[in-house]
Number of protein chains: 2
Amino acid sequence: MQSFTEENYLKIIYHLSVNNDQAVQTNAIAEKMQTKAASVTDMIKKLADKQLVDYKKYQGVHLTQTGRQAAINIVRKHRLWEVFLVEKLNFKWDEVHDIAEELEHINSAELVERLDEFLSFPKNDPHGDPIPDKHGKFDAVPFTKLSKLKTGEKGLIMGVSEHSSAFLKHLEKLGLTLGKTLTLTTITDFDGSVEIIVEDKKISVTREVAKHILIRI
Amino acid sequence: MQSFTEENYLKIIYHLSVNNDQAVQTNAIAEKMQTKAASVTDMIKKLADKQLVDYKKYQGVHLTQTGRQAAINIVRKHRLWEVFLVEKLNFKWDEVHDIAEELEHINSAELVERLDEFLSFPKNDPHGDPIPDKHGKFDAVPFTKLSKLKTGEKGLIMGVSEHSSAFLKHLEKLGLTLGKTLTLTTITDFDGSVEIIVEDKKISVTREVAKHILIRI
DNA sequence: TTATTTTTTTAGATTTGTCTAAATATATAG
DNA sequence: CTATATATTTAGACAAATCTAAAAAAATAA
Ligand SMILES: [Mn+2]
Ligand SMILES: [Mn+2]
Ligand SMILES: [Mn+2]
Ligand SMILES: [Mn+2]
């Protein structure tokens with residue numbers, strides 16, 4: 001069993017290594033953990049002792065199979081709790097992350113399985129992210145960024161790649177929530193911002209925002 | 001804000017001081033916390049610094065008003081989560097305590113209020129214990145122990161004063177669950193065990209078990 | 001009231017996770 | 001290839017919560 005801190009490190013290493021088979025760097029972990037590189041080195045050694053990461057000095061870390069399983073299990077819990085908070089307790093999608101950060105550390109396999117069942121085995125969390133099943137399996141559908149769409153293309157909003165409350169609230173205000181259909185009408189040369197139509201309304205979205213909206217064409 | 005450990009100390013001091021206005025002794029806390037008296041002294045000093053307990057060397061502790069509020073809030077969360085686990089996730093009443101011990105530390109006032117609402121503002125937890133409202137208020141109805149009933153008296157099972165899984169499973173097996181009506185037929189002089197009738201079945205219950213079954217006549 | 005037992009506190013160490021400052025290794029640039 | 005910049009590690013310290021062993025206070029018994 002891992003401490004909360006160890007679990008947080010594992011999860012962060014996991015997120016930094018998904019879509020990227022390079023070793024995860026000490027500094028990258030330090031930034032996400034909001035701590036110092038020296039602390040990360042200490043923890044990496046501990047995780048390596050426990051065989052949760054492979055580590056060579058100055059070369060960064062890779063999760064081991066065991067470490068990856070542990071990380072995915074935490075991600076599974078995080079996302080299931082987020083679904084619970086939104087679907088059952090009527091929280092908004094921008095309000096659930098911090099609470100799920102705590103709930104993900106609750107330690108009971110039975111609880112997770114029953115929660116999954118209670119929620120009717122959801123496939124995605126409120127932000128469109130896939131929920132691993134009890135064996136850690138999930139299909140990572142590769143979506144297109146709104147910023148990559150071409151003029152005239154139609155798409156369905158499937159997820160976001162930025163989870164800050166500010167960003168999510170902004171999307172909410174614009175009506176750009178999961179499941180909405182949009183059509184890209186114009187790409188502005190000047191700043192890369194895009195004009196789209198959602199539910200018959202014309203909306204302009206900055207390139208920065210468009211980069212974090214995930215689309216299925 | 002308190003650490004998990006501080007919260008556990010507060011809760012234990014609360015439970016040791018309810019129905020008892022004497023100061024809570026260091027050793028009593030140590031036993032409940034499964035730790036050593038020396039550690040308790042250390043923590044007591046810390047809680048006293050934070051004005052959560054009143055403490056005089058060698059004289060034990062009392063919760064302050066603030067400390068009591070904090071403790072009651074943890075009890076509230078514990079019991080609400082137990083209701084959730086039983087009512088929504090179909091856990092049995094003997095399976096929920098340990099999970100609730102973890103969930104009670106989740107830190108979000110909004111979460112607790114919404115959970116309370118989701119559960120339709122339950123008044124009691126799965127063991128019959130009262131759930132404090134958001135202001136910390138609850139009515140502590142004083143029940144009678146089954147061991148105090150007289151021959152021929154009828155009663156309704158309202159709660160238990162022992163929460164171990166072994167004890168609760170035992171009651172379950174005997175059909176002695178909350179809400180059941182029973183009639184006491186015989187008190188055995190020899191060992192104080194009692195014969196009762198529940199749902200037309202005759203059952204014999206040892207005095208030790210009868211002491212922990214709470215009855216409303 | 002004196003002796004003995006029980007309870008509580010202190011002193012000093014340990015573990016976990018963190019930090020700063022300094023040292024070392026790696027990467028990049030000229 | 002050498003100098004400089006960046007990234008990482010080490011050394012040493014600290015705060016939180018715990019422990020053991022010893023000292024001190026309070027309670028109980030003789
Ligand atoms: Mn999240
Ligand atoms: Mn999410
Ligand atoms: Mn309980
Ligand atoms: Mn209970």
Side-chain angles (χ1 to χ4, degrees), chain A residues 1-17 20-63 67 70-71 74 101-102 104-105 107, chain B residues 1-17 20-63 67 70-71 74 101-102 104-105 107:
Chain A
M1 206 34 45
Q2 292 98 40
S3 69
F4 281 26
T5 310
E6 289 169 326
E7 290 191 344
N8 284 332
Y9 272 94
L10 288 174
K11 193 181 54 162
I12 280 170
I13 295 168
Y14 172 76
H15 280 130
L16 287 169
S17 59
N20 170 12
D21 49 5
Q22 312 233 348
V24 177
Q25 296 192 109
T26 304
N27 265 350
I29 300 170
E31 195 193 336
K32 291 279 180 188
M33 278 294 293
Q34 309 215 71
T35 185
K36 300 300 155 76
S39 308
V40 174
T41 301
D42 289 343
M43 179 56 79
I44 281 173
K45 286 178 182 166
K46 200 173 148 193
L47 295 175
D49 283 348
K50 295 192 175 187
Q51 318 240 44
L52 294 165
V53 298
D54 290 323
Y55 170 56
K56 272 201 305 223
K57 262 191 197 178
Y58 293 99
Q59 305 304 302
V61 292
H62 284 282
L63 288 173
I74 299 159
E101 283 295 309
E102 296 191 40
E104 72 190 4
H105 300 291
N107 195 354
Chain B
M1 207 32 46
Q2 292 97 38
S3 69
F4 281 23
T5 309
E6 289 168 327
E7 291 191 344
N8 284 332
Y9 271 95
L10 288 175
K11 194 181 54 161
I12 280 171
I13 294 168
Y14 172 76
H15 281 131
L16 288 170
S17 60
N20 171 12
D21 51 6
Q22 312 233 347
V24 177
Q25 297 193 107
T26 304
N27 267 351
I29 300 170
E31 195 192 336
K32 292 278 181 190
M33 278 293 293
Q34 309 216 69
T35 186
K36 300 300 155 78
S39 307
V40 173
T41 301
D42 288 344
M43 181 55 80
I44 281 174
K45 286 178 182 167
K46 201 175 149 193
L47 295 175
D49 282 348
K50 294 191 175 188
Q51 318 238 44
L52 294 164
V53 298
D54 289 323
Y55 169 56
K56 273 200 306 223
K57 263 193 197 177
Y58 293 100
Q59 305 304 300
V61 292
H62 283 283
L63 288 173
I74 299 159
E101 282 295 309
E102 296 191 41
E104 71 190 5
H105 301 290
N107 195 353

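Letters A, B, ... are given to chains in the order of the sequence lines, protein chains preceding strands, and every chain is numbered from 1. Just so you know, these numbers use all the heavy atoms, side chains as well, and skip hydrogens, waters and symmetry mates.
Side-chain contact check for B:His105 versus B:Lys11: every heavy-atom pair is 4.5 Å or farther apart. At least one side-chain heavy atom of B:Glu104 sits less than 4.5 Å from a side-chain heavy atom of B:Asn8.
In this structure, CG of B:Asp42 is placed 11 Å from C1' of C:dA11, rounded to the nearest angstrom. Rounded to an integer number of Å, the gap from A:Glu6 CD to C:dT18 P is 10 Å. For the pair A:Glu31 CD and D:dA7 P, the interatomic distance rounds to 11 Å; values are reported in whole Å. Residue B:Ile44 contributes atom CD1, which lies 11 Å from atom P of C:dT10 at whole-angstrom precision. Taking atom CD of A:Gln22 as the reference point, atom P of C:dA27 lies 12 Å away to the nearest angstrom. One interatomic measurement links the two molecules: CG of B:Asn8 to P of D:dT18, which rounds to 9 Å at whole-angstrom precision.
Checked against side chain to side chain contact (heavy atoms under 4.5 Å, CB included), B:Asn107 has the following partners two or more places apart in sequence or in another chain: A:Glu102, B:Met1. Here A:Thr35 pairs with A:Tyr9, A:Met33, A:Ser39, A:Val40 under the side chain to side chain contact (heavy atoms under 4.5 Å, CB included) rule; sequence neighbours left out. Take A:Glu31 and apply the salt bridge (charged side-chain N to carboxylate O under 4.0 Å, His left out) test, not counting sequence neighbours, and it matches no residue.
Closest to the side chain of A:Ser39, out of C:dT18, D:dC19, C:dT20, is C:dT18.
Under the 30°/60° scheme for interplanar angles, the aromatic rings of B:Phe4 and A:Phe4 are found to stand perpendicular.
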> When you check every protein heavy atom under 4.0 Å of nucleotides 3-8 of chain C, what one-letter string (B, S, -) results, 5' to 3'?
Replying inline: ----SB
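Residue order along DNA chain D, read from the 5' end via each residue's closest nucleotide, puts B:Met43 first among B:Met43 and B:Lys36. Taking the nucleotide of DNA chain C with the nearest heavy atom to each of A:Phe4 and B:Lys56, the more 5' of the two is matched to B:Lys56.
Note that CG of B:Leu16 and CD of B:Gln25 are 10.0 Å apart. Values are rounded to the nearest 0.5 Å.
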Donor-acceptor pairs under 3.5 Å, side chain of residues 51-60 of chain A to any protein atom, not counting sequence neighbours: which ones?
none

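Between A:Thr35 and C:dC19 there is a side-chain N or O to OP1 or OP2 distance below 4.0 Å.
Checked by atom type, the side-chain pair B:His62/B:Asp21 shows no donor-acceptor distance below 3.5 Å.
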> Dot-bracket, DNA chain D: Watson-Crick or G-U, under 3.5 angstrom, [ ] crossing, | other strand?
Replying inline: ||||||||||||||||||||||||||||||
